[in-house]
Every structure is written in C-alpha cells, then in structure tokens.
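The structure appears right after this line, and notes come after that.
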Amino acid sequence: MGQQLDTKEVIKFTVPTPFPVGDVNLYLIKGDVLTLVDAGVKTEDAWNSFQEQLGAIGLKTTDIEQVVLTHHHPDHVGMLDFFPEALPVIGHPFNNPWISKDPEFFERHTAFFTDLFTKSGIDPAFLNLLRKVESPLRFSSHRSLTSTVTEGDRIAGLPEWRVIETPGHAGSHIVLYRERDGLVIGGDAILAHISPNPLLEPPQNNELERTKPQVQYNQTLKKLLDYDISRVHTGHGEDITELHSLIHKRLRRQEERAFSVLEMLREKPMTAFETCQQLFPTVYQKELMLTMSETIGQLDFLEELGEIKVDKTKEYFVYHAKS
Ligand SMILES: [Zn+2]
C-alpha cells in the first residue's frame, strides 16, 4: 500500500439499538458531498444520540446531503424517517421493497416462508411465529431509494469510493471501497467480534428460486480476499485490520459447523426443522427465523459440496448424508 491510511475524512458514530446486537455504527464521509453511510434504528434514543455526536463536531442533521445504505436491515435504515423527505438515499436495488415496506412484497414474504418452513417439516403451530418477523420492522423506515448502485459503481460526490456487492448477510448488501488506501466501510459484511448470520430471504421476484445465503456469504468472503483492504469500518463493534486471517478463520469455523451437521445426518436422515431442533434445542422456538436460517445455510452448503442429498418426494424435504 503506497499511501498512508487516511481516516480523518471518515467519522464514526455509534448509536444504540433495541436489538441483541447492541450498538450500530454509522460513518460520515466528508467527500464533495457530505455523505452518511447507514442510518441506525428508528428510535428517539438513536436519533438524539446521533444529533449530539454530530453537534460535537459542529454539524447538524440537515447538513447531511445524502445517505448510502450498506443493506436493508432495520438497524441500518430506521432513522431515514427522521430526515427531510428530499434527502437522496442510495443503495442496492434490493433494499427497496424492505425499506419502503412494500405490502405486495411482504405478502410474498409470508407466503414464501410458509411454504419453505412447511417443506422444512415445521409443525404448523410454529408458523404463527412468522408474524414475529414483522415486529423489528417498526424500527425500520418508510422510504424509497432515490438512486441505485451495483457492483463497481461510483456514487455522486464520492469519486474515490467504489461499490462492491457483498450479498449473504442480506441480499441487498454492499460495501464501499477506497482504492487509494484500502479503506472499506463494510456494514455487516464482516464483523470483528461475531459472525453475521446469513439470513433467508424471499427471492426478489416470484420467478426466481430462493438464494442460498450461506453459500452466497462464503463467496462474498472469498471475493473480499481479492481486494487490497487495509481496514474495515464495521457496522457493529471495532474496526478490522487483519481481514485475511479473519476471513480464513470464519470460513474454517463455518465448515466445522457444517461438518457437525453432516455427522448428525449420518446418524439418521432428517428434515431441516429436526436438524434445527437438534442444533439449537434451547433457542429454536424463540429465534425460529435465525436458527432456521443458520440450519438451512449449513444444509445448503453441504448440498453444494455434494456431501448430502435432498429427498423431495415426501411431504417434507428430507436430508440424507451420502455414504
Ligand atoms: Zn446490523
């Protein structure tokens, strides 16, 4: 890396969230256009905290000229609702149905998970839990993107930064990469202290098959190895400076978890729900979406590797280890 890492033009803010993940980080880029990357949750606590921190450096929320979203999750978009209507909001097109709370999309969302979880062997009584998915949405926003970006794009007013698509944790996920010094604003693509969950999502339209978020996430991690990245400003917690070793560690850990699932399937073939119950006996009821995403993620990974096969001839999908 020829040039010294320049972090002065990027200012970090940390605001509270009501979620188990804790605080979320936002970043202000003092480019040609004053740009906020990510927008916290929609709570008074978050908004007051953000205003205070901005005030301490002599700025007001109305000074912010555009917002870039790393992904659509409520803890990264909610405060959009507190900004003036006219504020430009930029992100991957896949953010839109989530951040605008598109009713047609959420109908499809419910239908998708009802179908997927039924095929996964979930007791119909548990399907009520799907309604819980909607509760974090009250901390989300009711906005639409004003412009969209995809792989390789540059954003108005930020000529030094490039968009890298990083799906897995969310289908809408992007990071911003500054070539000259290898600085990345990374959202939840990778975190220093925890492994972000690849989450199941309905496909963007009915014609498409569902994505395999764990497989996608591993591809994202491997893709990031190809860039000369010196530091990652993360969405939660501390910066990452040793990205390569962390990526290798995360990929290793995930493979270990997948192979423990393979051992379970060698004992007996199971549905995804039975696998989930065995993997997360104490939390699967409380965290059905998270634990099923994790379980189906490991199963997708093993299927891609050719270690297991899925019997789709029964009422439920049954996963078998190949002998
Ligand atoms: Zn997050």
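Ligands are counted one by one from 1 in listed order, and the atoms in each one are counted from 1 as well. Note: hydrogens, waters and symmetry copies are ignored here, and every other heavy atom, side chains too, is used.
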Are the ring centres of His71 and His169 closer than 6.0 Å? yes

Shortest-distance N/O/S atom, Asp188 versus the Zn ion (ligand 1): OD2

So for atom CD, which belongs to Glu256, do other residues, nucleotides or ligands contribute more than 12 heavy atoms lying within a distance under 6.0 Å? yes

For the Zn ion (ligand 1), does an N/O/S atom of His76 lie at less than 2.8 Å? yes

Ring centers of Trp98, His76 separated by less than 6.0 Å: no

Check whether any N, O or S atom of His73 sits under 2.8 Å from the Zn ion (ligand 1). no

For N/O/S atoms only: which one belongs to Asp75 and is nearest the Zn ion (ligand 1)? OD2

Close aromatic pair by centroid cut-off 6.0 Å: Phe117 and Phe273: no

